[in-house]
Structure formats: C-alpha cells, structure tokens
Protein chains: 2
Amino acid sequence: MAARDVVAQQDQPWSRRRLRSTNERLLLDRLRGLGAASRAQLARETGLSKPTVSSALASLEAAGLVHEVGTHAPERGRTAVLYAPDPAAGYALGVDIGRGWLRVAVVDLDGTVVARSDVRNRARASAAMADLVVGTARQVIGNSGVDPAEVVHGVVGTPGVYDEKQRRVRYAMHLPGWGRAGLFDRMREELGVPLEVHNDANLAALGEYTYGVGAGSRLFAYILIGTGLGMGVVSEGRLFTGAHGLAGEIGFLPWPGRQKPERLEDAVSGVAVVEAARQFGMSGQLTAKAVFDAARQGNPAAVRAVELEGERIAHTVAAAAAVLDPDLVVLGGGVGHSVDLLLRPVGEQLRTLTPLRPRIAPSRLGEDAVLLGAVATALGTARDLVFERRTGEGRPVRG
Amino acid sequence: MAARDVVAQQDQPWSRRRLRSTNERLLLDRLRGLGAASRAQLARETGLSKPTVSSALASLEAAGLVHEVGTHAPERGRTAVLYAPDPAAGYALGVDIGRGWLRVAVVDLDGTVVARSDVRNRARASAAMADLVVGTARQVIGNSGVDPAEVVHGVVGTPGVYDEKQRRVRYAMHLPGWGRAGLFDRMREELGVPLEVHNDANLAALGEYTYGVGAGSRLFAYILIGTGLGMGVVSEGRLFTGAHGLAGEIGFLPWPGRQKPERLEDAVSGVAVVEAARQFGMSGQLTAKAVFDAARQGNPAAVRAVELEGERIAHTVAAAAAVLDPDLVVLGGGVGHSVDLLLRPVGEQLRTLTPLRPRIAPSRLGEDAVLLGAVATALGTARDLVFERRTGEGRPVRG
DNA sequence: CCGATAAAGTTAAGGAGCCTTACTAGAGGC
DNA sequence: GCCTCTAGTAAGGCTCCTTAACTTTATCGG
C-alpha cells in the first residue's frame with residue numbers, strides 16, 4: 001500500500017518542496033541503516049553538501065524524528081555530534097491470529113518490541129475472537145506505557161485472504177464465521193488504530209525475509225505447513241501477491257493423489273500426517289507432533305508417514321521452483337520443529353522430480369514468523385506515516 | 001535493466017539538476033501518453049506552472065526530443081500550439097530467434113515499425129545462425145533508411161536463459177551449440193548495437209501485455225507451446241524473472257506421467273502431440289499442425305491426442321494458477337492457431353483440478369508475440385537512452 | 001466593427017533550496 | 001604554540017520553480 005503511493009507520486013511534478021522532502025527522507029533512511037552518524041559522515045555518504053545535511057537534519061530534529069545521541073572522536077580533529085532516528089516518534093502494532101494462539105506485539109520505530117503478549121485462542125465464534133484480539137491489543141498497548149494515539153499503524157495476519165472491497169476475509173476454511181463482513185471494521189473502530197489485514201503465510205514470508213534466514217534473497221518462498229497449507233513469496237524484498245491476493249495458495253495445486261482429485265492441502269497438512277500414520281498402523285490419540293516424535297524414536301509406521309509427507313512437500317517445492325525460480329525455500333509452521341526429519345526425504349524426492357534444486361532451509365523464527373512479519377510490515381507503514389505528518393506540524397504549508 | 005537503474009538512482013541526492021531532468025521526463029512521458037498536447041494542457045495535467053512547462057519543453061525541443069506538430073483551436077480563445085515527441089529521435093531493434101523463423105524489426109520511438117524482415121532459419125550451426133542474425137539485422141536497418149548509429153538499443157529473444165555473467169545462453173535444448181560463449185558478444189560487435197538477450201517466452205508475455213490481450217492485467221501468464229514449453233509472467237507491468245531468470249521454466253514442472261518421472265516439457269510440447277496421435281493410431285509424416293488439422297476434420301485418433309494435450313495444458317495452468325494467481329492466462333506459440341480446439345478440453349479438465357479459474361485466452365499476436373515483446377522492451381530502453389544523452393548535447397554539464 | 005470574454009502563452013518578480021567557498025571550532029601531534 | 005586535520009557554520013550565488021500580471025489571439029454578442 002505504501003509502495004503503491006510512492007509509485008503514484010512519481011507522476012507528480014517536482015517542486016523544491018518535494019526536493020527537500022526527498023532529501024530529508026534520504027537522510028532518515030540512511031540514518032536508520034547506520035544506526036547513528038554525524039552530519040559530515042552523512043554528507044559524505046549521501047553526496048549532499050554539508051550545509052544541506054545540517055539544515056535538513058535540523059528540520060527532522062524539529063519534527064521530533066531525529067535527535068542527538070552522543071559524540072564520536074575521530075583519530076584527529078574535532079569530535080563529531082552523532083544523530084540517530086528517534087525510536088519513540090511513533091509505534092506500530094503487529095497481530096498474529098492463529099487457530100491455536102493469538103499473538104500481539106507493539107514495536108517502536110527502531111523495530112524493538114516494547115510489549116508483547118501471547119494468549120491461547122480458545123474462542124470458537126468469530127465475534128468472541130474479534131473481542132479477544134481487541135482486548136489483548138488494548139492490554140499490550142497499555143502495558144507498553146505508550147500513548148495509544150502514538151500507535152500509528154497495525155497489521156493483522158490471519159489465515160485466508162482479505163478482500164479489500166468486501167472488507168472481509170475469504171478462504172479461511174479452518175476458522176468458522178471468520179469470513180463475516182464488518183469484523184475487521186469493528187476491530188479498527190474499537191481499537192482506534194488503522195489495521196491492514198494480510199494472509200498469514202505471506203506475513204511469515206516477510207518476517208523470515210526481514211529478520212530470519214530469507215535476508216538478502218532475491219526471490220524467496222516460505223511454505224507454511226500447519227493446520228492448513230500456504231506459501232508466501234517475497235520478490236526483491238516485496239511481497240508477491242498475484243492479481244487477487246491469492247498467490248501462493250498452494251492448497252489448490254493439482255496433486256496426483258487418488259482417483260478423485262484431492263486438494264494438495266489435504267494431502268500435506270498436519271491432518272494428513274496423522275492420517276498416513278494411522279494407515280501405516282499407528283493408533284491412539286495422534287497429533288502431527290506425536291507422529292514426528294515417534295518417527296524420531298524409530299517407530300516404522302511413523303517413519304513411513306514422515307517419508308510420505310516429505311514426498312508431498314517435495315512435490316510442492318518442485319512446482320514452486322519451476323514457476324517462480326526461488327533461490328531459497330523455507331519450511332515453517334506447525335512442522336517447523338520437525339524440519340530436521342523432513343529435509344532428507346524432501347531433498348531425495350526433489351532430485352527425482354526436477355533438475356531445479358533451490359536451497360531448502362528450516363524457518364529460523366519458528367512460531368514467531370507471522371507476528372514478526374506483521375510487525376515488519378506495520379513498521380514500514382508507520383515510518384512512512386510518521387515522516388509524512390512531520391510537515392504538517394513542523395512548518396506551515398503553502399501552495 | 002533500465003528499471004534497476006531508476007531504483008539505484010533513488011538513493012542519490014536530489015539536486016536542482018535532477019529536479020529539472022525529472023520534470024522534463026515527466027512532460028515527455030505525459031506527451032507520449034497523450035500523443036500531442038499544448039503547453040497549457042500539459043501544465044494543467046502535470047500540475048507544473050505554465051512558465052515551467054514552456055521552458056522545459058523548449059529544452060526538450062532543443063534536444064530534438066519533441067517538436068511542434070500542429071495547432072488546436074479551443075472553443076474560444078487563442079489557438080494552441082501542439083507538441084509531440086519526435087519519433088525519429090532514435091530507433092530500437094527487436095529480434096526473435098526461433099528454431100524455424102528469424103524475425104527482425106526496427107521501430108521508431110513511437111513504436112511504429114519502420115522495417116521488418118522474416119526469414120526462414122535453416123542454419124544448423126550456431127555460428128551460421130549468428131551470421132544470419134547479423135546479416136538480416138543489417139539488411140533491415142538498411143531498408144529502413146535509418147542511420148545505423150541512431151539504432152540505440154536492441155533486444156533479442158531466444159529459447160533458453162541468458163546468463164549475464166558467463167555471457168552465454170543456457171538451457172536452449174533445441175538449438176545445438178547455441179550455448180557457446182561469445183556468440184552474442186560477436187553479434188553486438190559486428191552490429192554495433194547494444195543487445196539485450198531475453199527468454200522468448202518472457203518476451204512473448206511482455207509483447208502480449210503491451211500490444212495484445214494482456215493489456216491492463218495485474219498479473220498475467222503467457223504459456224508458449226511450441227517445439228519447447230515455456231511461460232512468461234508479467235506482474236504489475238514488469239517481467240517476473242525469479243532469482244536466476246528461470247521463473248516460468250515450466251518444462252521442469254513435476255508431472256505424473258509414467259513410471260519414470262518425465263519432464264512436463266516432453267509431455268506438452270508439439271512433439272508430444274504427434275507422439276500421442278501416433279499412439280492412438282495415426283500414421284504417416286505427422287506434424288503437430290497436421291494432427292490439429294485432422295482433429296478439426298474429426299479424425300478420432302487426432303481428437304483424442306488433442307484432448308490429451310488439453311489435459312496436460314490444464315495441469316500446467318492449474319499449477320501456475322495456484323502459485324501465481326494470475327487474472328489471465330494466454331496460450332500461444334506453435335499451437336496458437338489451434339487454441340480454439342484446446343480451450344474446451346483445457347477448461348473442462350481445469351474444473352476437475354482446481355477451484356481457481358483464471359481467464360484463459362488465445363494469443364492475439366500469434367507468431368509475432370516474441371518479436372513485439374522484444375521491440376517493446378528495446379523501445380523502453382531506447383527511450384531512456386535517448387532522453388539521457390539529451391543533456392550531454394544540449395547544455396554544458398557543471399558540478 | 002468593437003468591446004467583452006476566454007484561453008494560450010510570455011514576462012517579471014520573488015523565493016526555496018541547493019552548492020561552493022570561506023570561515024570558525026575543537027582536537028591532537030610536534 | 002603552531003600546524004594539521006576534521007566538524008560544522010555563514011555568506012553568496014545559482015538554478016529553477018511559482019505567482020501574478022500582461023500580451024496575444026481567438027470567439028461572441030451587440
């Protein structure tokens with residue numbers, strides 16, 4: 001969304017006002033990259049002249065986006081005054097609505113988590129779940145000691161796809177009633193924070209890209225295997241969403257299963273592992289985790305079930321590799337703990353399926369991937385918002 | 001490539017020189033969109049002031065990028081002088097190297113084809129093929145009457161993937177020796193035109209997006225079915241290439257064929273249609289075209305072969321749809337003429353494979369898709385180049 | 001035919017914001 | 001104490017944008 005605004009602006013004319021704004025933005029971004037820097041250093045790095053840097057930095061300081069943060073003594077010569085972005089100039093909210101857990105975090109503009117809460121999600125009705133989200137978010141903001149008005153943006157991760165026009169979630173098979181219209185509007189209203197809604201696998205991909213093993217990848221795919229099955233794709237640092245936000249809905253991949261075509265999601269998700277294990281002879285109260293644990297102990301039925309799961313994931317990876325050409329595929333979600341068991345069978349099967357062999361790695365963030373992705377996304381928008389409102393306060397606007 | 005430069009520039013500081021340059025660029029682009037416009041009209045549309053538009057337009061005219069093109073009488077008031085981009089300010093070269101045909105076109109900056117030649121490609125050795133390309137390109141430029149130095153950029157479409165580092169084509173299975181290093185360097189040198197090399201399916205996608213049925217699609221996939229099998233993906237108007245330029249190499253899709261896993265390319269390409277027809281009982285000297293023609297006449301073996309081909313294509317489309325979420329899939333290439341026969345079986349099979357059902361359409365450009373894609377790509381870069389060299393000639397450069 | 005109106009385009013004045021140059025400030029080395 | 005080196009400031013100039021007023025050229029209505 002923020003990115004689209006920038007693109008739209010490129011058709012606008014360039015007056016000196018825009019020039020100044022762009023240079024201030026350049027300095028702020030550079031400062032975030034460096035952590036802290038002197039005016040002279042910024043001038044060298046950006047190519048701007050020293051006076052320009054001084055004046056732009058003064059504006060940023062007046063707007064409260066930047067502040068002095070210490071000094072640095074060069075080998076010889078006058079000591080420099082260091083500036084850094086003010087992390088307290090605004091805050092962002094991240095929410096991960098999972099079937100089992102609800103996670104909420106508030107971060108400052110540096111991306112540091114200032115408050116967080118993970119609560120079991122026992123709500124069955126969608127209204128109760130919305131209430132839980134709002135309540136927990138209020139509580140986290142309260143605990144953080146941050147003025148609620150300073151939480152300028154929030155991002156929510158949920159299964160399914162958010163339809164901007166109908167203002168509701170679609171394709172959230174595992175959350176009954178969650179597709180009702182108006183749910184998120186109510187949450188926005190009660191919370192008083194703008195909320196952006198994204199698919200959980202997409203956010204997990206962004207999280208893993210920003211804070212995890214995906215860093216620096218040109219094209220990277222995150223496969224979320226849990227109750228459901230999803231994939232998020234990050235291309236050149238930006239989320240790849242497709243025409244209707246359905247990109248990566250690999251639950252819909254054709255899968256050569258039985259006579260009647262079966263959805264891949266049903267063949268790969270946690271439920272399928274349990275089903276396979278049962279078919280191979282395991283019995284009792286099984287969960288996916290239990291099957292993986294048994295396989296680690298050497299239980300033959302469990303080993304065969306895991307082997308089969310590996311083959312199925314390999315099929316998914318092979319399809320994604322042929323279409324997208326990723327340089328890295330990360331496996332995460334519920335099976336995240338068990339990726340060590342899966343890597344070998346996936347790799348072996350992949351060799352028989354396709355000559356393409358992207359690097360495959362387990363998630364580094366584990367259960368936090370979705371939340372951190374939400375936080376990273378919200379942070380990006382929050383930084384934009386805080387920067388944009390600067391002008392209005394700092395100086396009078398004239399035509 | 002041009003797009004990447006723009007991104008890189010965004011980290012550079014914005015001085016006054018850049019300001020002017022950006023506004024001139026804005027005006028030129030707007031002018032291309034409108035075809036022709038008066039200064040007052042441009043001022044209204046861009047938001048720039050009238051004096052600024054006058055002065056920037058004068059610079060552009062001095063640089064030869066823009067010229068007066070007529071007048072327009074408003075309902076009342078003084079008649080306006082109309083300006084338009086000068087199409088003769090530079091030229092671009094497009095080349096489609098296919099196994100059967102070599103196509104070359106020269107276009108002016110408006111995108112109008114000023115000369116074109118299609119020749120049979122009978123060369124078997126790669127060196128002969130390179131010579132044929134250079135010879136034909138020279139001839140087309142000669143016929144166009146354009147000064148060869150004014151052909152500022154060229155784009156070549158070929159099967160396979162061009163490796164920028166090794167400076168050679170890879171994965172061009174159907175062109176023996178075509179992967180040799182130095183081939184394109186020699187062509188560049190002998191022709192004296194910078195040549196960019198791209199995968200043919202990718203260019204076809206871009207061509208169909210720019211001039212064909214793909215116009216305005218948010219995410220669109222072009223499936224090229226001919227001697228080989230390839231897919232090009234255009235996302236938000238830009239080519240989607242993946243991490244190593246292999247995106248859309250759907251020849252590598254896993255395909256539930258026989259006992260031994262078979263490459264999808266072998267199952268879907270033209271050769272496979274012939275093979276299937278033979279298996280179903282046809283005989284004689286068969287080509288893919290012959291099979292399709294026979295099917296149109298009602299030959300049962302041919303009909304079954306076409307049916308099977310439809311199922312295979314449906315499998316491809318289903319996989320692409322689940323991963324990419326396109327709003328449009330175009331079928332083109334050698335089977336382009338026969339898409340009418342395929343649409344029904346593809347649609348039917350797709351219904352059984354996946355709930356996702358992107359719009360499927362035949363190519364509008366047919367055999368010209370690759371060439372027009374090459375031309376469109378070259379045109380973009382040529383416009384950039386011509387705009388950039390303007391400064392050097394028009395005015396002295398000062399720090 | 002002549003003034004009113006309207007649109008296109010130019011001229012002139014003013015100002016925003018950048019750069020360069022030249023300076024001051026402060027820290028170490030000899 | 002003086003030299004050198006780096007950080008930062010001050011002054012002046014240049015570019016290029018905007019606003020506002022003006023000129024030019026067309027139509028319309030009397």
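Just so it is clear: chains get the letters A, B, ... in the order the sequence lines come, proteins before strands, and each one is counted from 1.
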[N] phosphate, OP1 or OP2: any side-chain N/O from [X] under 4.0 angstrom?
X       : N      : value
A:Asn23 : C:dG17 : no
B:Arg20 : D:dC17 : yes
A:Ser54 : D:dG8  : no
A:Thr52 : C:dC19 : yes

Within 45° of the axis and under 6.0 Å from the centre of the six-membered ring of B:Tyr83, does NZ or CZ of B:Arg39 qualify?
no
In this structure, how many angstroms lie between the P atom of D:dC17 and the CZ atom of A:Arg18, rounded?
13 Å
In whole Å, I'd like the distance from the CG atom of B:Leu26 to the C1' atom of D:dC16.
15 Å
So if I take the C1' atoms of five pairs at each end of the helix from C:dC1-D:dG30 to C:dC30-D:dG1 and get each local axis, what angle do the two axes make, rounded to 10 degrees?
10°
Among D:dA20, D:dC16, C:dC18, the one nearest B:Leu19 by side-chain distance
D:dC16
Is the closest side-chain heavy-atom distance between B:Val155 and B:Leu203 below 4.5 Å?
yes
Please tell me if the side chains of B:Glu208 and B:Val213 come closer than 4.5 Å, counting only heavy atoms from C-beta onward.
yes
When you check the side-chain N and O atoms of B:Ser55 and B:Arg20, is any donor under 3.5 Å from an acceptor?
yes
Would you please say whether a donor-acceptor pair under 3.5 Å links the side chains of A:His153 and A:Glu196?
yes
What are the residues of residues 31-44 of chain B, sorted by number, that bring a heavy atom to within less than 4.0 Å of DNA chain D?
none
Taking the side chain from B:Asn143 and the backbone from B:Ala115, do they hold a donor-acceptor pair closer than 3.5 Å?
no
Roughly how far, to the nearest 0.5 Å, is the CG atom of A:Leu57 from the CD atom of A:Glu68?
9.5 Å
Can you tell me how far apart CG (A:Leu379) and OH (A:Tyr91) are? Round to the nearest 0.5 Å.
12.0 Å
Determine, for [X] against [Y], whether the closest basic-nitrogen to carboxylate-oxygen distance falls under 4.0 angstrom.
X        : Y        : result
A:Glu150 : A:Arg389 : yes
A:Asp185 : A:Arg167 : yes
B:Asp110 : B:Arg383 : no

Contact letters for nucleotides 22-30 of chain D, in which S counts primed atoms plus P, OP1 and OP2 and B counts the base, heavy atoms under 4.0 Å:
--BBBBS--
